[in-house]
Structure formats: C-alpha cells, structure tokens
Amino acid sequence: MAEPIPRPLPRSFYERDVCEVAQDLLGCLLVHRVGGRRVGGRIVETEAYGGPGDPGSHADRAPTGRARIMFGRPAIAYVYFTYGMHYCMNAVTGPEGVGSGVLLRAAEPMWGIEEMRARGFPPRLPDHMLMSGPGRLCRALGVGREHNGVELTRGPLTIRAGGAAEQVRSGPRVGLTRDDGRRWRYWIASPSVSRR
DNA sequence: TCTATGATCGTA
DNA sequence: ACGATCATAGAG
C-alpha cells in the first residue's frame with residue numbers, strides 16, 4: 001500500500017488574488033497519476049501572471065484564443081505550447097472573467113523519478129533538475145496539450161496541500177528578474193531547492 | 001562558468 | 001515574426 005498523500009486543494013484556494021495564490025502554492029504537492037504510477041513533487045517556484053496591467057501575461061489581451069481559459073473557472077489547468085517544443089502549466093486563479101493564473105516554474109521531484117527519466121532527459125541531469133523550469137516540469141510529469149482545461153481539484157492531475165509552512169524552510173523569496181533584457185517579471189521561490 | 005545559437009510551431 | 005524554454009557547443 002502506498003502511503004496516503006494530502007487532499008487536493010479546494011477550488012476556494014484558487015478564488016483569490018493571483019499573487020496570494022502563487023505564494024501559497026509554494027510547498028504544495030503537484031501530483032500526476034499516469035499508468036497507475038504516481039509522479040510528482042513539491043512546488044518550489046511559481047510566477048503570478050495576469051490581473052489588470054500585466055503586459056507579460058497571455059491574458060493581457062481579449063479573452064480569446066489560447067488564453068481564453070485564463071478568464072474562466074479557477075482551479076483549472078492552463079497548458080500552452082511554446083518555442084515549438086515545450087509545454088508550460090498554469091493554475092487558473094481569481095474570479096471568473098479576470099484572466100489570471102500561476103505558472104508552475106519548478107518543483108522538487110518526490111515520486112516517479114524513474115518514470116520521469118523515461119521521458120528522455122539528458123542522462124547526466126541530476127534528479128533535482130528534472131522538474132526545474134516550466135518546460136522540464138511538464139515533461140517530467142507527462143503534461144501536454146491534452147491537459148489544457150483539466151480540473152486540478154480532482155482526477156489524475158492535482159495540486160495538494162503540502163504543509164508549506166513546514167516544508168519551505170526559510171519562507172518565500174520574491175524576486176524581480178529580466179527576461180532576455182526586455183521584460184520584467186516577478187517570481188516567487190522557495191530557497192530550499194537550488195535550480196542550478 | 002559564461003555566452004551564443006539552434007530546434008520548432010502555435011499564435012498574433 | 002516571435003515567444004511565460006531547453007540543450008549543446010565553444011570560449012575564457
């Protein structure tokens with residue numbers, strides 16, 4: 001028997017300001033059930049997107065196209081394809097109609113390391129890098145186009161309470177980074193796991 | 001350790 | 001054309 005894992009976060013968790021949700025997702029558990037196997041880990045880096053006045057957000061424009069789902073029901077996955085080869089995964093937040101979500105940037109692998117490696121990572125890549133970065137995170141979990149719009153409060157792909165206060169050793173760090181010299185982005189990370 | 005570059009395709 | 005990225009090659 002596998003040991004029990006915490007319950008999924010309720011929808012009310014996501015029905016708040018995107019920045020609050022981004023912070024509170026640190027330390028929570030991202031779990032995927034695939035082929036009868038549990039794959040996943042502890043969320044250690046998030047990034048809030050959307051709300052009014054975020055030019056970097058896909059939801060900055062009209063509620064149409066791929067970002068339409070960001071304006072919809074909270075606690076739904078927004079998965080998009082980028083750079084012709086990577087998927088990225090968000091959790092939709094806030095009230096319906098606002099257009100916001102939390103990008104899951106990195107997690108610490110806890111279950112299914114073998115299943116992750118079977119997805120063809122570089123052979124030398126250390127375990128802690130398998131879910132480090134939004135593209136690798138989705139690849140490790142086997143999350144792709146078919147997961148766009150899925151429910152995160154139940155079903156195979158869930159986010160669960162993880163005892164953030166205990167797990168995130170030094171509390172969240174909030175950063176301001178520059179993406180390729182053009183655009184400023186806020187991100188929130190646990191210092192307990194290095195990305196390098 | 002770092003900087004530069006290619007891969008590859010949906011969206012605007 | 002360009003991007004909410006990643007892997008690799010080459011220089012220092």
Side-chain angles (χ1 to χ4, degrees), chain A residues 14 17-26 28 30 39 41 43-72 74-94 98-109 113 116-150 152 157 159 172-190 193-196:
Chain A
Y14 300 90
D17 177 81
V18 64
C19 293
E20 298 282 330
V21 179
Q23 289 200 43
D24 293 347
L25 278 175
L26 295 177
C28 291
L30 177 60
V39 180
I43 297 169
V44 297
E45 186 173 342
T46 60
E47 188 166 4
Y49 276 99
D54 181 359
S57 170
H58 292 171
D60 192 42
R61 303 166 224 284
T64 176
R66 65 178 175 181
R68 184 166 41 86
I69 194 161
M70 291 183 77
F71 293 83
I76 297 295
Y78 165 48
V79 179
Y80 68 92
F81 184 60
T82 191
Y83 289 98
M85 51 179 62
H86 301 293
Y87 291 95
C88 295
M89 172 182 175
N90 296 253
V92 175
T93 65
V98 167
S100 57
V102 176
L103 174 67
L104 274 28
R105 296 199 59 89
E108 174 186 344
I113 303 283
M116 295 180 189
R117 292 217 176 266
R119 302 202 175 269
F121 285 95
R124 303 282 195 167
L125 197 69
D127 285 354
H128 78 273
M129 293 291 291
L130 291 171
M131 304 180 77
S132 179
R136 282 189 291 257
L137 182 148
C138 282
R139 182 169 176 187
L141 290 175
V143 163
R145 167 178 255 64
E146 68 272 28
H147 297 94
N148 191 30
V150 304
L152 294 174
L157 183 61
I159 302 177
R173 265 189 318 161
V174 179
L176 188 57
T177 56
R178 202 167 48 194
D179 174 352
D180 89 347
R182 282 192 256 182
R183 192 167 274 165
W184 294 98
R185 304 193 179 291
Y186 294 94
W187 52 271
I188 306 171
S190 160
V193 170
S194 150
R195 285 195 53 179
R196 317 249 165 238

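The chains referred to below are lettered A, B, ... by the order of the sequence lines, with proteins before strands, and numbering in each begins at 1. All values below come from the heavy atoms of this structure, side chains included, with hydrogens, waters and symmetry mates left out.
For A:D127, the side-chain hydrogen bond (donor to acceptor under 3.5 Å, both in side chains) test picks out A:R117, with sequence neighbours left out. Annotation: side-chain hydrogen bond (donor to acceptor under 3.5 Å, both in side chains) contacts of A:T46 (sequence neighbours excluded): none. A search for side chain to side chain contact (heavy atoms under 4.5 Å, CB included) contacts involving A:Y87 returns A:V79, A:F81, A:C138, A:R145, not counting sequence neighbours. With sequence neighbours left out, A:S100 forms a side chain to side chain contact (heavy atoms under 4.5 Å, CB included) with A:V18, A:T93, A:V98. Residues satisfying the side-chain hydrogen bond (donor to acceptor under 3.5 Å, both in side chains) criterion with A:R66, sequence neighbours excluded, are A:H58. Under the rule for a side-chain hydrogen bond (donor to acceptor under 3.5 Å, both in side chains), A:H86 has no partner lying at least two apart in sequence or in another chain. Annotation: side chain to side chain contact (heavy atoms under 4.5 Å, CB included) contacts of A:P126 (sequence neighbours excluded): A:H128, A:M129. Residues forming a salt bridge (Lys or Arg N to Asp or Glu O under 4.0 Å) with A:D17 (at least two apart in sequence, or on another chain): none.
Both tests pass for A:R139 against the ring of A:F121: distance under 6.0 Å to the centre and angle within 45° of the axis.
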Identify the pairs formed between an N or O of the protein and an N or O of nucleotides 7-11 of chain C at a distance under 3.5 Å, and give each distance.
| residue | atom | partner | partner atom | Å |
| --- | --- | --- | --- | --- |
| C:dA7 | OP2 | A:R136 | NH1 | 2.5 |

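Protein atom CZ of A:R61 is 13 Å distant from nucleotide atom C1' of C:dA4, rounded to whole Å. The nearest whole Å value for the distance from the CZ atom in A:F81 to the P atom in C:dC6 is 13 Å. Here the C1' atom of nucleotide C:dG3 and the OH atom of A:Y83 are 4 Å apart, to the nearest Å.
Helical stems in DNA chain B, defined as runs of 3 or more consecutive Watson-Crick or G-U wobble pairs with donor-acceptor distances under 3.5 Å: B:1-7 with C:5-11, B:9-11 with C:1-3.
The shortest distance between the side-chain N/O atoms of A:H86 and the OP1/OP2 oxygens of C:dC6 is not below 4.0 Å.
Residue A:G135 is classed as a sugar-phosphate contact, given heavy-atom separations below 4.0 Å to backbone atoms only. A:M70 comes within 4.0 angstrom of a base, heavy atoms only.
A heavy-atom distance below 4.5 Å is not found between the side chains of A:V102 and A:N90. Contact annotation: the side chain of A:H147 never approaches that of A:L141 to less than 4.5 Å [non-hydrogen atoms, C-beta and beyond].
Close approach of DNA chain B to chain A, defined as any atom under 4.0 Å from a non-hydrogen atom of the protein, starts and stops at B:dA7 to B:dT11.
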